[in-house]
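Okay, so here's the structure we're looking at.
Keep in mind it's a predicted model, so treat the numbers as computed, not measured. FYI, side chains are in, hydrogens and waters are out, and symmetry mates aren't considered; it's all heavy atoms of this structure. Residue numbers start from 1 in every chain, and the chains themselves are labelled A, B, ... in the order their sequence lines are given, proteins ahead of strands.
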Amino acid sequence: MSNEFIKPDEMQVFWHTTSHILAHAVKRLYPEVKLAIGPATDSGFYYDFDTKTPFTADDLGKIEKEMKRIIKEGLPIERFELEKSEALEFVKGEPYKIELIEGIPAGEAITFYRQGDFADLCAGPHLGKTSAVKAYKLLSVTGAYWRGDEKNKMLQRIYGVSFPDRQQLDEHLHRLEEAKKRDHNRLGRELELFTTSEYIGQGLPILMPKGARIMQILQRFVEDEEEKRGYQLTKTPFMAKSDLYKISGHWDHYRDGMFIMGKEGDKEIFALRPMTCPFQFQAYLSKMRSYRDLPIRYNETATLFRNEASGEMHGLIRVRQFTLSEGHIVCTPEQLEDEFRGSLDLASFMLKTLGLDEDVSFRFSKWDAQNREKYIGSPEQWENTQNIMRSILDRLEINYVEAEGEAAFYGPKLDIQIKNVHGKEDTLITIQVDFQLAERFEMEYIDADGQKKHPYIVHRSSIGCYERTLALLIEKYAGAFPLWLAPVQVKVLPISEKHFDYAEAVAARLQACGFRVEKDTRNEKIGYKIREAQKQKVPYMLIAGDKEEEQGTVSVRSRKDGELGTLTLDEFITAIQEEIKNKTI
RNA sequence: GCUGGUGUAGCUCAAUGGCAGAGCAAUUGAUUUGUAAUCAAUAGGUUGCGGGUUCAAAUCCCAUCACCAGCUCCA
């Protein structure tokens, strides 16, 4: 969270201190509650508590009042150190603190911070006294597993935020409210882009005509661009026998995420595809391949099915059926770097065109060597592939963070990450390097030396999953899409009934030119029609009355800049053709 | 899957065990409109679905489905 007056790291200290004040207040009100941890986050702080009865909204109010007292008391905050044995004695009765202290390596300082009658194990640093926190708010209470492991007990987490003055807090809360208004889940329904039905089920959104329109535009754009870049489109089945997934490793490493049809003992068990890779591999395997054929770049606008757990679905961002701009490049080891580079270039081009390029970050997702059973292949293969990938990334001068345990089960990934309007990060696009599956499927090519060799495979997406990308576009533009993407580009608004025929002629002409046009022939005043069109975020409104009809012109109003004046229809058409061609953001 | 919350008209929300309501949207009529809301009337409901408690349930309890926040998982 950016802040004009305080640097981010100072805010972290500020928030961390507030989390101690929160824990202090909870301990005063509910002495039996056990303390877990309470760090600062990117945008505030939280503290995890182990409590028999979960906190209610009323409790939060009480806790806030108690925090106020602690702040008013202006308690000095003091740091002190203890030896391990002393520390363990000090936190007697706090099992989570004991566990934390036991995990601290011998010889490392064990520090505590004390404010009044409360002291907490903490690396610090902290503010000098509790009264420095002038404005704070507890935002929510949720469940969270101890140490982020679902095998552990679920604790109660209280989230909050704080600032050095009331105004900054109010501004922050206002920003949160504004962000909510951009939430794709709300805007997407308001703008009739999608809906859901409890009869259809969770994670299965229905794309309404306007949402489907945007997806269609994106899809055509993506497929055309991929064709230009040497991709060949495939159309592979939505399901396959379990045999296929047994070879790919999905059966052993991805089964929880799949919709499986049939039961143990059935002659054939089918499963809906969670990924397209093994299907496109069958296309490759349909005949003998020479090194001269490579690289082969397959793309597919792929409908995929993943059986996400019930609590994980979210609007269009996490769903059970989705459409991935998927593709697999089969290449020689020598071609790998170029193909990776090309994939990244394509993804970057897409992001730039959509205006999302400034909003993404890169993550190099590696395997977790401690969790071998999650992956196929040997440690040597993993290390080797990861090293190759890292050197490619470094040569491309990509600014990435490394993440252990985030790899696919068959290979490491470069994930292009983006945050939604609530600050939650998700993967938008991913590019993966894979040597394992080519072996498992016995994919080969005859090299120049006459030897059969296994190719490398780049699994890649170009624009990501259309549903998720659409969600992020809705939030990015608050529903006001660039002209080339807008489901309705122009709305013709006749002043009165007298002008319906002229409005019809204008709309027909625009339609014939390929624009997406609507007209508003309701018996309403022009101000009302403008208001409606504006709320629907239509980029251009054309007002048609006596004057325009006489002169064969239109009065142009843009949703962004308001009245633009009168143009001939030809002038208007030329202008928006240009805007669409350039995909102006 | 887990923790907590929510579910009332198409939408946003009221009704704290005692007659289900408002605004917007919709429909009809009047108005013929010049750059972000014309006026009036009408209609709209087995309170998500299913059980239970009660003389009486939108309201309390149980179960279930969906949605929201978060955890875990993930594109």
Side-chain angles (χ1 to χ4, degrees), chain A residues 46 48 51 54-57 60 139-159 180 183 185-186 189-190 192 195-204 254 256-257 274-275 302 304 306-320 322-326 365 405-406 408 413 415-418 422 424-430 432 459 461 463-469 471 493-500 522-535 541-548 555-559 562-565:
Chain A
Y46 65 80
D48 287 346
T51 167
F55 298 114
T56 63
L60 286 194
L139 297 170
S140 61
V141 49
T142 69
Y145 299 107
W146 167 238
R147 299 206 149 171
D149 188 334
E150 64 179 328
K151 290 196 256 327
N152 290 338
K153 184 166 186 185
M154 181 159 272
L155 309 171
Q156 296 290 313
R157 173 173 297 177
I158 296 178
Y159 281 94
K180 264 190 211 158
D183 187 330
N185 214 350
R186 168 180 171 155
R189 292 167 198 269
E190 264 173 32
E192 297 183 14
T195 185
T196 49
S197 159
E198 61 176 302
Y199 297 105
I200 291 179
Q202 263 195 307
L204 297 167
Y254 207 82
D256 286 348
M275 301 177 193
L304 303 179
R306 295 186 189 175
N307 191 7
E308 305 290 348
S310 61
E312 285 162 6
M313 265 72 76
H314 172 61
L316 292 178
I317 288 187
R318 271 303 272 293
V319 291
R320 280 182 168 150
F322 57 95
T323 317
L324 188 65
S325 58
E326 191 156 46
S365 296
E406 297 288 345
K413 312 190 284 175
D415 292 322
I416 303 181
Q417 303 292 102
I418 191 161
H422 301 294
K424 192 177 161 107
E425 185 178 286
D426 267 305
T427 301
L428 190 63
I429 295 173
T430 176
Q432 309 165 1
H459 304 237
S461 181
I463 204 174
C465 146
Y466 287 91
E467 289 80 359
R468 181 174 288 184
T469 300
L493 311 178
I495 296 277
S496 82
E497 222 168 316
K498 285 187 296 186
H499 315 106
F500 281 8
R522 288 178 305 173
N523 188 359
E524 294 290 351
K525 290 166 76 168
I526 194 68
Y528 183 87
K529 294 181 183 180
I530 289 170
R531 181 181 160 82
E532 293 282 291
Q534 198 77 38
K535 274 167 63 183
M541 290 153 263
L542 299 183
I543 287 111
D546 286 336
K547 210 168 49 184
E548 291 77 16
S555 174
V556 182
R557 186 188 166 93
S558 107
R559 86 185 151 199
E563 261 186 276
L564 296 182

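Nearest to the side chain of A:Pro54, among B:C73, B:U3, B:C74, sits B:U3. Distances from the side chain of A:His422 to the nucleotides B:G34, B:G70, B:U3 place B:G70 closest. Listed nucleotides B:U32, B:A75, B:A25 differ in distance to A:Ser496; the shortest reach to its side chain belongs to B:U32. Of all nucleotides listed (B:U3, B:G1, B:U32), B:G1 comes nearest to the side chain of A:Ala309. Across B:A37, B:C65, B:C71, the shortest atom-to-atom separation from the side chain of A:Met154 is found for B:C71. Closest to the side chain of A:Glu198, out of B:G70, B:G48, B:A25, is B:G48. Ranking B:A69, B:C71, B:A25 by closeness to the A:Tyr528 side chain, first place goes to B:A25.
A donor and an acceptor atom sit less than 3.5 Å apart, one in the side chain of A:Arg318 and one in the base of B:C73. Side-chain atoms of A:Tyr145 come within donor-acceptor range of the base of B:G1, with a qualifying N/O pair under 3.5 Å. For A:Glu548 against B:G34, a side-chain-to-base donor-acceptor contact under 3.5 Å is present. With hydrogens and angles ignored, no donor-acceptor pair under 3.5 angstrom links the side chain of A:Gln156 to the base of B:U3.
Backbone-only engagement by A:Gly527 is indicated by non-hydrogen atom pairs under 4.0 Å involving sugar-phosphate atoms exclusively. When heavy atoms are screened at a 4.0 angstrom cut-off, A:Lys413 is found touching the sugar-phosphate backbone but no base atom.
Although no hydrogens or angles enter the test, the distance criterion places a donor-acceptor pair under 3.5 Å between the side chain of A:Ser325 and the main chain of A:Ile463.
Positionally, the nearest nucleotide of RNA chain B for A:Ile530 lies more toward the 5' end than for the other of A:Ile530 and A:Leu428. Closest-nucleotide positions on RNA chain B for A:Thr196 and A:Glu308 were compared, and the one nearer the 5' end corresponds to A:Thr196.
Using atom C1' as the reference point in both B:G4 and B:A41, the two lie 46 Å apart (nearest Å). Using atom P as the reference point in both B:C13 and B:G48, the two lie 15 Å apart (nearest Å).
A:Lys424 has a side-chain polar atom (N or O) that falls below the 4.0 Å cut-off from OP1 or OP2 of B:C71.
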